[in-house]
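So the structure is just underneath, and the comments pick up after that.
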Amino acid sequence: MSSVRDQGEGEDGEVAFERYTSPFEPQVRQPAAPLRIKRVLIANRGEIALRIIRACHEEELEAVAVYSAVDRGSAHVRAADRAIAIGPAPPSESYLSIDRLIAAARESGADAVHPGYGFLAERADFAEAVEAADLVWVGPPAAAIRAMGDKTEARRRMREAGVPIVPGGSGPLGDRSDALRVAEEIGYPLMVKAVAGGGGKGMRVVGEAVALEAALDTAASEALKAFGDASVYLEKFILRPRHIEIQILSDGERTLHLGERECSIQRRHQKLVEEAPSLAITTDLREWIGSAAVSAAQAVGYRGAGTCEFLLTDDNSFYFLEMNTRIQVEHPVTELVYGVDLVREQLRIAAGEPMRIHAGWLKPRGWAMECRITSEDPASGFLPSTGRIEYLKVPGGPGVRWDAGVDVGDEITLHYDSMLAKLIVWAPDRTQAIRRMRQALDELVIAGVATNQAFHRRLLADAEYQRGDIDIQFLDRRPDLLEPRKDPGGILDLAVAAALAEDEARQAARPSAAREEESSSDWARQARSEALR
Ligand code: MV4
């Protein structure tokens, strides 16, 4: 079944066999015995809660959902075996409340807790509270979360483990003269970063010495506001790198990597499209960065699924940035090219089972891409939009996966993250994956709330993107992809206004009984403006 020839390439590199749909096949063995956990509480909402519930059911585990007042009718609540109300809409009183989540686990008789991503996923104190309540934590050891959460501590550990880090300071900065001295050593341009940071908060680029003091002040106050810790450190600024991350899995005995994800397509630190593998990575480079990531995980005693983020430059230098000690939003692209269910492996590892994968079997096959569909309107600077999902047509067909936590009738509010769904495709190569994604985006219809769907269509149609000419500044250079086509003369707007006015005049002239209902005239209006985008 899985001889080398079947896997796509013969030993001489010739293509022996082409796969058109999914590479998902038994790279993993079937469970030998029931797991020692039986019932998992999912301390999350939306698509990741649903994703974890599905994995639980495949492992024959019961799934307990939790929900805030506005999530009572959500898909994750309906999919679970049981659901427990944990409070009102504000996250601080529900999905971020350690006490309420532990109480819900107790009440439901759960014996394990999966945090998903976001919310409490990377809070070492939550991991400890779960274990103190005699529950199995489906995540890495609290000590590993803590070590990676402190960026200068992480850098120190990485240096000791021989993992390449960005040249820079060895610890938090002291006073002004200390900062100037370290800065001269590193050279400009450099970056001021928050010790407690991550995800881009409390970060400043400094081009020359005169700008250092102001940058230190703003970074420190931003860091204090965001993390309650004002300490900062310095790093050399890496120009135009790619953002490459490596998926790690460890059962405490063995630590393996499952290759890279290319995450350079982002706007203001929010990833929009991810793919696996990366065009920038050869088989050799994959093993070099992969083994650096394995060393990084081992250096903090990692267990479970995790991701090491790297910056990769044009000359193939790579630098460890940080480790995300959780399952990530973009994990599906790795699942599709490696044929491994990462969430099931997380559950099995947490239950004390060995991983069912082996380094020798792990070889990326084909190409996977993910578009994050958010309720953000490119036409208004990506402002979050709200409303009821009035209509939803989900794309389908071979190699198309739709991971969503929302459904028709759901109200999209401003209480939670704006990601509605992830559209993921797999195809035998990148060109076909792009084609498949474009077709899926053409099939997708979401009405009632503005989304970034049109942005994804512009991006995937772009020649530069198709060539793979990307780095983390790609979208900064291409505002034309972010904003819909501008209509400088306003001709289109005028034409639409004239057509609508004429239409309204005609309807007003009709007998009232024949007049369309209000909602359907809104529909028509929306359809017209969509068509003209
Ligand atoms: C950098 C960098 C360039 N040079 N560090 C952004 C979030 C945080 N994880 C680290 N980040 C960066 N660190 C040095 N020394 C550029 C970024 C960066 C970035 C990194 C990954 C993905 C997107 C990014 C967008 C802007 C800046």
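For ligands, and for the atoms within them, numbers begin at 1 and follow the listed sequence.
Remark: ligand 1 atoms within the under-4.0 Å shell around heavy atoms of K236 are 4 (N), 14 (C), 15 (N). Within the listing of ligand 1, atoms 3 (C), 4 (N) sit less than 4.0 angstrom from a heavy atom of F237.
Remark: ligand 1 and Q266 share no N or O pair separated by less than 3.5 Å (distance only, no angle test). Ligand 1 has no nitrogen or oxygen under 3.5 angstrom from a nitrogen or oxygen of H243. Among the atoms of M191, none of the N or O lies under 3.5 angstrom from an N or O of ligand 1. For E235, a nitrogen or oxygen atom sits less than 3.5 Å from a nitrogen or oxygen atom of ligand 1, counting backbone and side chain alike.
Put simply, the side chain of L41 does not reach to within 4.5 Å of the side chain of H114, judged on heavy atoms. Here the side chains of K271 and Q328 are in contact, with some heavy-atom distance below 4.5 Å.
A salt bridge links D71 with R45: the distance from a Lys NZ or Arg NE/NH1/NH2 to an Asp or Glu carboxylate oxygen falls below 4.0 Å.
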Could you check F126 against W137 for ring pair (Phe, Tyr, Trp, His ring centres under 6.0 Å), going step by step and ending with a plain yes or no?
CA-CA 9 Å; F126 184 48; W137 167 246; 5.5 Å; yes
How far apart are the C-alpha atoms of Y95 and Y416, what are their side-chain angles, what is the distance that settles it, and do they pass the ring pair (Phe, Tyr, Trp, His ring centres under 6.0 Å) test?
CA-CA 10 Å; Y95 300 107; Y416 308 114; 5.6 Å; yes
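Only the side chain of I472 comes within 4.0 Å of ligand 1, judged by heavy-atom distances.
The single protein non-hydrogen atom nearest to atom 4 (N) of ligand 1 is I238 N, 2.9 Å, given as residue, atom name and distance.
Between Y233 and G171 the shortest heavy-atom distance is CB-O, 3.6 Å.
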